[in-house]
S.K.: 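Okay, handing you the structure first.
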Protein chains: 2
Amino acid sequence: MLSKKTKYALHALTYLGKHRETKTVLIQDIAEEHGISHKFLENILLELRKAGYLGSKKGKGGGYYLIKEPKDIPLSKVIRLLDGPIALLPCVSLNYYEPCAECKDEAHCGINKVMIQVRDETLKILENKTLQDILDGE
Amino acid sequence: MLSKKTKYALHALTYLGKHRETKTVLIQDIAEEHGISHKFLENILLELRKAGYLGSKKGKGGGYYLIKEPKDIPLSKVIRLLDGPIALLPCVSLNYYEPCAECKDEAHCGINKVMIQVRDETLKILENKTLQDILDGE
DNA sequence: TATAAACCCTATAAAAATTATAGACTTAAT
DNA sequence: ATTAAGTCTATAATTTTTATAGGGTTTATA
């Protein structure tokens with residue numbers, strides 16, 4: 001399951017995607033719309049900005065806005081940013097690789113081999129679904 | 001990522017799958033093979049037995065053994081048993097459904113719709129990979 | 001039939017991760 | 001100046017995961 005962080009990030013991105021005509025959107029607006037803690041959401045939006053998905057304007061009249069095209073924001077990227085690895089095991093993670101302590105010989109581990117396949121097929125799904133697909137469904 | 005519980009379950013099933021000729025296997029043997037806590041693994045094997053994957057024999061000379069064909073043990077089932085939902089959000093889970101608190105109208109939520117697709121495609125992958133595939137890779 | 005080996009079961013403790021909050025700081029419009 | 005807004009870091013609270021403990025039951029076998 002996705003963490004609340006990622007779930008809220010998706011809601012925020014969706015909200016921002018739906019309000020691209022207005023110049024900026026307040027954290028508060030998104031927080032109220034979904035009944036999310038303002039402060040918790042703040043940290044999430046900050047991460048999305050640092051990762052290059054959002055722009056922000058400080059000071060009075062400021063707020064957040066989407067700076068990437070919704071079609072260029074795949075689920076895979078959002079999940080990796082907020083939640084971490086998409087792979088089911090550390091030993092098959094492309095971006096967060098770590099050996100599994102209980103595994104003596106990764107090269108001859110059947111679990112490892114199968115999980116590499118699962119990872120590749122899962123990645124195909126998550127790279128193909130973007131914010132645009134979410135917006136199309138609203 | 002899978003929990004250690006699920007990961008250990010997969011290692012245990014793999015071990016049992018590789019030792020089907022011997023009548024029973026001791027918890028201790030599996031625990032030692034992978035450096036897992038005996039007691040932690042005990043609880044996992046108990047769950048696998050209750051779910052109908054393993055049989056056990058009590059008393060001296062007892063132990064565990066596989067009672068299903070490896071080809072009839074898909075990853076999806078093992079993950080659901082030990083880890084819970086495969087869906088990325090509670091609101092799209094087939095087996096553990098719960099509405100999402102921050103979602104006002106599930107029927108018109110683009111995230112929900114996309115996540116249903118992700119769930120269905122992910123499920124296809126995990127239902128198709130079985131313990132047999134793991135054993136083939138050892 | 002006593003003993004030891006092994007699984008059974010429930011409760012609880014410890015650790016880690018997630019979720020939430022706090023508060024001081026910076027920036028910019030008016 | 002004042003006020004409204006994002007920035008940033010630290011820490012607290014909560015939940016989940018991981019691990020341990022310990023007595024109970026069953027069974028082979030000497």
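Just so we're on the same page: letters track the sequence lines, and every chain starts at 1.
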S.K.: Under 4.0 Å from any atom of DNA chain C, heavy atoms only: list the residues of residues 2-10 of chain A that qualify, in numerical order.
M.R.: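 Here the set is A:Ser3, A:Lys4, A:Lys5, A:Tyr8.
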S.K.: For the pair made of CG in B:Leu41 and P in C:dA6, what is the distance, rounded to whole Å?
M.R.: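 After rounding, the gap between these two atoms is 15 Å.
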S.K.: Record whether the side chain of B:Glu42 comes under 3.5 Å of the base of C:dC9 through a donor-acceptor pair of N or O atoms.
M.R.: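 Such a pair exists between side chain and base.
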S.K.: Between C:dT21, C:dC9, D:dT20, spot the one nearest the side chain of A:Phe40, thanks.
M.R.: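 The nucleotide sitting nearest to the side chain is C:dT21.
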S.K.: Return no unless some side-chain N or O of B:Lys57 is found under 4.0 Å from OP1 or OP2 of D:dA28.
M.R.: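 It does, given that an N or O in the side chain of B:Lys57 lies less than 4.0 Å from OP1 or OP2 of D:dA28.
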S.K.: Whole angstrom is fine here: how far is it from NZ in B:Lys39 over to P in D:dG22?
M.R.: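 Going from B:Lys39 (NZ) to D:dG22 (P), I get 10 Å.
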S.K.: In terms of side-chain geometry, is the basic nitrogen of A:Lys77 or A:Glu127 positioned less than 4.0 Å from the acidic oxygen of its partner?
M.R.: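 Salt bridge flag = no for A:Glu127 with A:Lys77.
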S.K.: Students often get this wrong, so: under 4.0 angstrom with heavy atoms, is B:Leu45 touching a base, only sugar-phosphate, or nothing?
M.R.: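 Answer is nothing: B:Leu45 stays at 4.0 Å or more from every strand.
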S.K.: Should B:Asp72 and B:Leu131 count as side-chain neighbours, where that means a heavy-atom distance under 4.5 Å?
M.R.: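 With C-beta onward as the side chain, the pair stays apart.
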S.K.: According to side chain to side chain contact (heavy atoms under 4.5 Å, CB included), who are the partners of B:Ala51, at least two apart in sequence or on a separate chain?
M.R.: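 B:Ala51 satisfies side chain to side chain contact (heavy atoms under 4.5 Å, CB included) with B:Tyr53, B:Leu81 only.
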S.K.: Is any N or O donor-acceptor pair between the side chain of B:Asn43 and the base of D:dT20 shorter than 3.5 Å?
M.R.: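 Under the 3.5 Å cut-off, the side chain and the base do form a donor-acceptor pair.
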S.K.: May I have the step-by-step check of side chain to side chain contact (heavy atoms under 4.5 Å, CB included) for B:Leu54 and B:Ile67, ending in yes or no?
M.R.: CA-CA 5 Å; B:Leu54 306 183; B:Ile67 56 176; 5.5 Å; no
S.K.: Rounding to a whole Å, what distance do you find between A:Lys58:NZ and C:dT27:P?
M.R.: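 Whole-Å distance recorded here is 5 Å.
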S.K.: Using whole Å, report how far NZ of A:Lys50 lies from P of D:dT7.
M.R.: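 Computing the A:Lys50:NZ to D:dT7:P distance gives 9 Å.
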S.K.: Check whether any side-chain nitrogen or oxygen of B:Ser56 sits under 4.0 Å from OP1 or OP2 of C:dA6, and answer yes or no.
M.R.: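 No, no such contact exists.
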S.K.: Tell me whether the centres of the aromatic rings in B:Tyr15 and B:His11 are closer together than 6.0 Å.
M.R.: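 Not close enough - the centres of the two rings lie 6.0 Å or further apart.
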S.K.: Are OP1 or OP2 of D:dC8 and a side-chain N or O of A:Arg49 less than 4.0 angstrom apart?
M.R.: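 Answer is yes, contact under 4.0 Å.
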S.K.: Are there more than 12 heavy atoms of other residues, nucleotides or ligands under 6.0 Å from atom NE2 of A:His38?
M.R.: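 It does: A:His38 NE2 has more than 12 such atoms within range.
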S.K.: Could you list the residues that satisfy side chain to side chain contact (heavy atoms under 4.5 Å, CB included) with B:Ala9, not counting sequence neighbours?
M.R.: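 Only B:Ile44, B:Leu48, B:Val78, B:Leu82 meet the side chain to side chain contact (heavy atoms under 4.5 Å, CB included) criterion with B:Ala9.
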S.K.: With respect to the side chain of A:Ser37, which nucleotide from C:dT21, D:dT27, C:dT27 is positioned closest?
M.R.: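 Given the options C:dT21, D:dT27, C:dT27, the side chain of A:Ser37 is closest to C:dT21.
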